[in-house]
A.B. asks: 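My structure is below; once you've seen it, I'll send some questions.
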Amino acid sequence: MKLPWKTRGIVLTSPLTDEIDDVIKLIDEYLAPCGFNLIFLQVRYRYQFKKHPEVWGYDPLSLDDIKRLLSVCRKNSIRLVPKMNLIGHQSGFPNEPTDGILHGHNTKECDIPDGLLRAYPGFDEQGDEKEINYARSICLSNRAAKAVVFELVDELMEAFEENTIHIGCDEAFNVGICPACSKKPKAELISSWINSINDHVRAKGGTVYMWGDRLLSTAETGYDEWEASKNGTEQARELLSRDITVCDWHYGKYDEYKSVEILGNAGFEIMVSPWRDISNAKRFLDYAVKHDKGHIKGLLVTTWCASGDLAKCILYGEKGRWQHTEEIATTLKELYSKL
Ligand SMILES: [Zn+2]
C-alpha cells in the first residue's frame with residue numbers, strides 16, 4: 001500500500017533471548033526491504049535494568065542483546081526506540097504458550113502484575129476493578145513511583161543510545177481512584193504525569209510518543225471503550241504539551257476515524273496505527289490519508305505477538321504460536337511489503 005509519509009514504523013515486542021537471531025534476521029531480511037525505518041521495541045520490564053533489578057520481567061534482555069538489535073537497525077538505517085507502558089498495562093496474562101508476552105484480558109484470573117507492581121505493590125492505583133482489571137495502572141500521585149519510572153526511562157534510553165521513548169499510556173482504566181488521586185481531576189492527573197516525563201525527555205533533546213486512546217472520548221468519536229475513554233480523561237488533551245507525538249491506534253471498523261481530525265485540531269502531530277484486520281487497517285489508512293492536514297508524521301504498525309513468533313512465521317512459514325500471529329504476518333505481507 002502506497003502511503004505518503006516518510007516515517008514507516010512498527011512496534012515489535014522484545015524478543016525472547018533464544019529468538020534474538022530470528023528477530024535480527026526479520027529486521028535485516030524483511031522489515032528493512034519493506035521500507036520500515038522506525039522500530040519501537042516494546043520492552044515493558046523485559047530488560048536487565050542495573051539500577052532496578054527488582055523490576056526485571058520474564059527473560060529480560062541484556063545490554064549486549066540491545067546492542068545487537070541496535071547494530072542491525074543501524075546497518076539498515078532503521079531507528080530503534082524503546083517503548084514502555086508508563087500508566088496502564090501494568091498487568092495482564094501470558095501469551096499461549098507462555099512466552100512472557102503479557103496481553104490484555106478482562107477476567108480476574110489473568111491479572112498478573114508486571115515488573116513494577118510486582119516489585120512495588122504500593123505503586124498500584126488499586127481501582128475497584130469491577131469492570132476491566134487486566135491492565136493495572138501506576139498511581140499517578142505516588143512520588144516514589146515517579147522517581148523509579150524516571151530512572152527506568154533514563155537507563156533504557158541510554159541502553160538504546162536514544163533520547164526518545166514511547167511511553168504507552170493506552171487503556172489506562174484505573175485513574176483517579178485511590179484516596180490521593182480521587183481528590184484531583186483525572187485529566188489533570190494524567191497530563192501532569194505525562195508532561196513531567198515529557199519535560200524530562202525534552203531536556204535531553206528527544207520526543208515522547210504515546211498512545212492516543214485516553215485523549216479521546218467514546219461520545220465524540222463513536223469508538224469503543226478501548227479505543228477511547230469513558231471517564232473524562234480526554235480533557236487531558238487540552239493540558240498536554242503539544243510537542244508530544246500521539247499515536248492514534250484503531251483496530252475496529254468505523255465509518256469515520258474522527259480522532260485523526262480531533263488530534264490534529266488540538267495541535268498534535270500523530271502517527272497512524274492499525275493492527276491485524278486487513279480491511280480495517282486499509283479503511284483507517286485510507287481515511288487518514290484523506291484527512292491529513294500535514295499533521296501526520298507516519299505509519300506505526302502494531303503487532304503485539306512475540307516478535308520471534310512473527311519472525312518464524314514470516315521467514316520460515318512456521319505456524320504461529322499465538323492465535324493472531326499468522327493474521328498479523330499476512331497483513332504485514334499484503335499491506336506493507338515492497339518485496
Ligand atoms: Zn493514586
Side-chain angles (χ1 to χ4, degrees), residues 43-45 49 51-52 54-55 57 83-93 102 104-108 110-156 165-201 208-218 225-241 244 246:
V43 178
R44 296 184 77 142
Y45 301 100
F49 292 100
K51 233 178 190 172
H52 292 285
E54 72 278 13
V55 306
K83 181 181 177 303
M84 299 187 79
N85 292 326
L86 294 185
I87 299 183
H89 279 304
Q90 302 300 320
S91 60
F93 81 109
L102 289 176
H105 200 282
N106 59 0
T107 67
K108 296 257 178 205
C110 299
D111 184 16
I112 298 169
D114 206 354
L116 187 70
L117 296 191
R118 187 198 63 229
Y120 300 98
F123 293 177
D124 188 354
E125 179 60 8
Q126 296 173 340
D128 62 15
E129 298 165 8
K130 280 179 191 145
E131 291 181 18
I132 301 165
N133 81 322
Y134 71 83
R136 288 178 179 270
S137 290
I138 301 170
C139 171
L140 304 184
S141 299
N142 191 313
R143 288 185 186 178
K146 188 182 260 190
V148 174
V149 161
F150 274 46
E151 288 180 341
L152 297 176
V153 165
D154 283 345
E155 196 175 330
L156 209 52
I165 187 165
H166 192 308
I167 61 169
C169 302
D170 56 319
E171 301 184 359
F173 305 111
N174 291 349
V175 172
I177 293 167
C178 85
C181 290
S182 62
K183 296 186 189 114
K184 303 169 201 163
K186 290 182 174 68
E188 192 185 309
L189 279 167
I190 286 187
S191 58
S192 67
W193 172 270
I194 295 172
N195 281 339
S196 67
I197 298 172
N198 185 55
D199 289 346
H200 186 73
V201 171
V208 162
Y209 287 73
M210 64 175 284
W211 298 119
D213 52 282
R214 295 308 96 185
L215 310 181
L216 306 163
S217 76
T218 52
E225 63 185 308
W226 282 267
E227 301 194 19
S229 168
K230 273 190 1 184
N231 63 359
T233 61
E234 73 279 2
Q235 289 161 23
R237 195 165 76 214
E238 300 306 320
L239 304 172
L240 280 179
S241 178
I244 293 167
V246 178

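All ligand and atom numbering here is 1-based and tracks the order in the structure.
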A.B. asks: Under the criterion salt bridge (Lys or Arg N to Asp or Glu O under 4.0 Å), I'd like the reasoning laid out for Glu151 against Lys51: C-alpha separation, chi angles, the key distance, then a yes or no.
C.D. replies: CA-CA 8 Å; Glu151 288 180 341; Lys51 233 178 190 172; 3.7 Å; yes

A.B. asks: Restricting to distances shorter than 2.8 Å, give the number of protein N, O or S atoms close to the Zn ion (ligand 1).
C.D. replies: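 That number is 4, waters not included.
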
A.B. asks: Please identify which of these residues, Leu215, Ile190, Leu189, Leu216, meets the side-chain contact (heavy atoms from CB on, under 4.5 Å) condition with Thr233.
C.D. replies: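 Among the candidates, only Ile190 passes.
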
A.B. asks: How close do Glu54 and Ala119 get, counting heavy atoms only, and between which atoms?
C.D. replies: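 Minimum heavy-atom separation between Glu54 and Ala119: O-CB, 3.4 Å.
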
A.B. asks: Minimum heavy-atom separation for Ser91 to Pro113, with atom names?
C.D. replies: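 Ser91 and Pro113 have their closest heavy atoms at CB-CA, 3.9 Å.
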
A.B. asks: Test Trp211 against every option in His89, His166, Glu171 by the side-chain contact (heavy atoms from CB on, under 4.5 Å) rule and name the one that passes.
C.D. replies: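 Passing option: His166.
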
A.B. asks: Indicate the atoms forming the closest heavy-atom contact of Leu116 with Gln90, along with that distance.
C.D. replies: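 So the minimum-distance heavy-atom pair works out to CB-OE1, 4.0 Å.
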
